[in-house]
Amino acid sequence: MRFSNRALTEIDVLISDVEQRNELRTALWRFVALFVFALSVALEPDVVNHEIHLTLLSAYAAITLVAVGLVVTRLFRPWLNWVYVAVDASLVIYLTAEHLLDPASSLVDALATPSLVIAFVLLSHASMRMRAGPVAAFALIVILGSSAVALMPVWEHGFGAVFRLSSEEVQAAGVRLAAFTVVAAIQIVLVLDIRRLVQEAVASSSERANLARFFAPETAERLATEGASLGLRRQEAAILFVDIRGFTGLAETMPLEEIATLLTEYRRRVTQAISECDGVVDKFIGDGVMAVFGFPLPLSTAALRAFECAVELSNFLDVWSEIRMRDGEEPLNFAIGVHYGHVIGGVISGEHHSEYTVIGDSVNLAARLQAMCKLTGARIVISDELACKLPRHWRTPEWQTLRAATVPGRAETVDVHLLPMQVSKDTKLPSTGSRSERFTSDPCAAGRAAGHDGDQARTWSAASRA
């Protein structure tokens, strides 16, 4: 999975916020390191340096309490992690120097002292921050510092001091240094892998959340999983367009803040209605919204769901307009066009932006049906192709039929059905039976039974020619 620079920045910020919230757990882990340090001091066979060890133990306990206090009081800052790394590494180097430079102990005895186990504990503590930088810094400081301490005899007595070491001492030093280096490398790789997995999980979760705002759950999951592999294909679907009539003139007289609030609320309401009817918001075009029913997942009831959405959406938006009027705001009128036919849809890739959409003549016709609302004084205009897919009793007396209507921008005439603007705003769908029961073996029978409304057809044709 590839991320853009902006996405990576957002993910890093989110992970940083999580790290800060979880810093208390990391700070409390220092008490574990403190316990291990205290236990190792208690198990030291040589009691000569116990006073120094107790002083170190007390200092480390104070640092631990300060670390916890900073988190509890919300004074912790991320840069303090580097201070903790430097302090922890200095403790390990001091313990290494103390034992290596003790004349009474051999190199093997010095490297076998229990107190040096604190190096591995503190290495694990650095890994808890889930950042490779502190882990690598701790390991590098410990390795370089311990190596410098081990080479101090060479600086004092020359390189001959190296040859005075026994093979057992050289082997012991090499094995322990290699073990610490390998463990540090493994910790760094684990931190990088876990961080990458967290980034992918956060990005995937964010992507699914964004998709879920506009798509049905099944569609959102499929888009998130398959992504650009959803190639173009041809499929039957219902397309719905809705917009606010006269929005351009209204926007010219409204403050920008009110325009933004109006569009946000409008889009929220339209998206909610479309989602509840199993539709998918394809795109927003200013105050216009394009929705698809039955794509990308085929839906046998796509036409019915689109028709139901159109009627319910019209009622839904009318109620909102009435609320605006009661609040002293400008009332709104809406135009809805719906068509059913073949569409071509999928992910259309671009150089910098890919779009998941549907295209084709059916989409263009649905948009023009929505534009016909203004010319015919209708609230909803649907195509005869859509009407043929509806149940037998979809038609209520308020609906009118226009035969061979001329659609602006199209050479062919179309048969359409419209719901006039002046009808009661309480118009509802027939509620007899379930949606599946309302389907008939001859869905076009209702459309044919409606007959030809010659006067309406002539009126529309004359208006379109004018």
Could you tell me which residues satisfy side-chain contact (heavy atoms from CB on, under 4.5 Å) with [X], sequence neighbours excluded, listed by chain and number?
X: A184; answer: L123, A139
X: I259; answer: F247, A251, M254, L256, L263
X: T261; answer: none

Inter- and intrachain pairs under salt bridge (charged side-chain N to carboxylate O under 4.0 Å, His left out), touching [range], at least two apart:
range: residues 239-253; result: none
range: residues 79-93; result: R30-D88
range: residues 132-145; result: none

[Y] side chain reached by [X] side chain, heavy atoms, under 4.5 Å:
X: I323; Y: E329; result: no
X: F293; Y: I274; result: yes
X: I382; Y: W394; result: yes
X: H339; Y: L386; result: no

Short N-O contact, R379 and D318, less than 4.0 angstrom: yes
Plane angle bin for F138 and F180 - parallel if under 30°, tilted between 30 and 60°, otherwise perpendicular: tilted
Exercise: identify the closest heavy-atom pair between V338 and A306: CG1-CB, 3.9 Å
Heavy-atom closest pair, residues P391 and L304: CD-CD1, 3.7 Å
